[in-house]
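Structure record follows, encoded as structure tokens.
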Amino acid sequence: MEILHSGLLQRALLEVVVLGGACGALGVWLLHLREVYAAESLAHAMLPGLVLASLAGVPLLLGATGGVLAVAALIALAARDSRLGSEIAVGVVVTATFGLGAVLALAPDVPVGLDKLLFGDLLGAATADLLAAGALAVIVAVALLAGHRAMTLTVFDPVSAPSLGARPARVRLAVLALLAVAVVAAVLSLGNLLVFALLVAPAAAAMRIGRSVRAQVLLAAALGASAGVLGLVISAELDVAAGGAVALAAIALYLAAGLAGSSRSTARRRSIVEALGAER
Amino acid sequence: MTTVIETADLAAAYASGPPALSGVTFAADEGQAVAVLGPNGGGKTTLFRALLGEIAVVRGTITIGDATAYVPQTERSRLDFPVSALDVALMGAYARTRWYRRVTAADRASARAALERVGLADQARTRFGELSGGQRQRVLIARALVQDARVLLLDEPFGGVDHASEQAIMDTLDDLRADGRVLLIATHDVEQARRWDRVLCVRGEQIAYGAPADTLTNAVLEATYGPEIVMLDCGHRAVAIQHHHH
């Protein structure tokens, strides 16, 4: 295939495999912790940060970081208003910042186009992007290994978690911080709208198949990387947008896993009946 | 008999709020089971959290001589989370496992032994969410054993389990008492409370503490449940009929 001979595509492949693997693995815990809404919000709400960085001529990575920090602070502030509640607060902040970002990005003197910010620029992956992706993968791997037991307690039994050695509030905060790092590292390549697909779809697929959390995390990493490769190849062969193709490939893998998972769950239902029978 | 757990005029509060429970004075010896009886929101969970050191003691004292474990209601855990019965029992070893180490072989052996003790050795590999309510409760008791707890705080251990499972849990609890462990059993069921060595009645404050026969009088039950209870006087003892509302 000619795709492997193009330097541009080789870099893009490496970038998307690393990002897909890291986002997929992290996604499993985001889904178990039910922080999907936070994932989507963070990704979308950093748009003004990106646009402002582009206007000011500073590295977009810096803008993404500033954008995430500003959004986190705004959400924390808005959630203090007890009349709102945290979900509505997030909704208000995200819509406001995304709208602001769109208005700013449509100004004529913004060097980077809105489409690149929203849908990413995989084929434009520079060395700095590759390094950011590699660093993210290492951070995610270390954090998920080190935090495995604390996250397990936080998800499975938050009421007893403190007496078993974990602090659920801190664990959640740490996972959200990790999410922010992931979104910042991935947003330039995958785009503001599409980074969410790689955080959620491979994880959701893996959770339908994997019988243990470890299996789910490894499977989600593999599916995330596969979705990246599949999407890139399709985009090169059919000459369609790379980010969109990757997102659609991730969703296709999720649907395939749904079919595989439903045939497994019939087998599982039988074992529940056996378990009930064993009790008598 | 050695006193294992003792409180004197205990009052506990959440954050900076007023005390959610006050005036609690009781003591339990080795091998004793104490029913903690009270309406929903009466302070049973508050007492447990104070004994675990999770909320502030604003007055009085707690003296506990041994490791204490909390055994939650099984519906409080996430049943769709992919962990086996053995995984759950092993969680009892997490607090003593450094984050960069694996759970030790000794702890694995102790988790298997604990499952065997509650009669679930053959279910070790079964997913927690696929067990029956009574079996799940026993797995959570096994987890407390892995924590090496001598004091077990059980939150409504008979909630939503059928008669056969109730008997299996009772057998497990009797086995633990014979071993000298102290059990505190939160319940809102008066009949359940009569089975244990002592009863502690709470409703925002301590109403009474003592042996069931002395404690569960009409006056104490009315003070504990207030208008939530209907008293039927059946000769020598009161029968309480409660309205359940959640």
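Here is how names work: the chains are called A, B, and so on, in the same order as the sequence lines, proteins then strands, and each is numbered from 1. Both backbone and side-chain heavy atoms feed into the values below; hydrogens, waters and symmetry mates do not.
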Q. Looking only at heavy atoms, which two atoms of E54(B) and S163(A) are closest? And how far apart?
A.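 Where E54(B) meets S163(A) most closely, the heavy atoms are OE2-N, 3.6 Å.
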**Q.** Non-hydrogen atoms of L164(A) and M91(B) that approach each other most closely
**A.**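 That closest heavy-atom pairing would be CD2-O, 3.8 Å.
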Q: State the CG-CH2 distance between L145(A) and W99(B), to the nearest 0.5 angstrom.
A: 10.0 Å
Q) Out of curiosity, R78(B) CZ to T154(A) OG1, how far, rounded to the nearest 0.5 Å? A) 11.0 Å
Is it true that atom [atom1] of [X] has more than 12 heavy atoms of other residues, nucleotides or ligands lying nearer than 6.0 Å?
{"X": "R76(B)", "atom1": "CZ", "value": "no"}
{"X": "R167(A)", "atom1": "CZ", "value": "no"}
{"X": "R108(B)", "atom1": "CZ", "value": "no"}
{"X": "E116(B)", "atom1": "CD", "value": "no"}

Q: Determine yes or no for a side-chain-to-main-chain donor-acceptor pair under 3.5 angstrom, with Q216(A) supplying the side chain and P82(B) the backbone.
A: no
Q. Is a side-chain N or O of R149(A) found less than 3.5 angstrom from the main chain of R98(B), in a donor-acceptor match?
A. yes
Q. In terms of heavy-atom proximity below 4.5 Å to chain B, should R214(A) be classed as side chain, backbone, both, or neither?
A. neither
Q. How are the rings of F156(A) and F128(B) set to each other: parallel, tilted or perpendicular (split at 30° and 60°)?
A.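 Because their plane-to-plane angle is over 60°, the rings of F156(A) and F128(B) count as perpendicular.
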Q: Against chain A, label V103(B) side chain, backbone, both or neither, depending on which of its atoms sit under 4.5 Å from a heavy atom there.
A: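 For V103(B), heavy atoms of backbone and side chain both lie under 4.5 Å from chain A.
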Q) Considering only heavy atoms, which portion of T97(B) lies under 4.5 Å from any heavy atom of chain A: side chain, backbone, both, or neither? A) both
Q.
Any heavy-atom pair between the side chains of P72(B) and D157(A) that's under 4.5 Å?
A.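 The answer is yes, as the side chains (C-beta and beyond) meet within the 4.5 Å cut-off.
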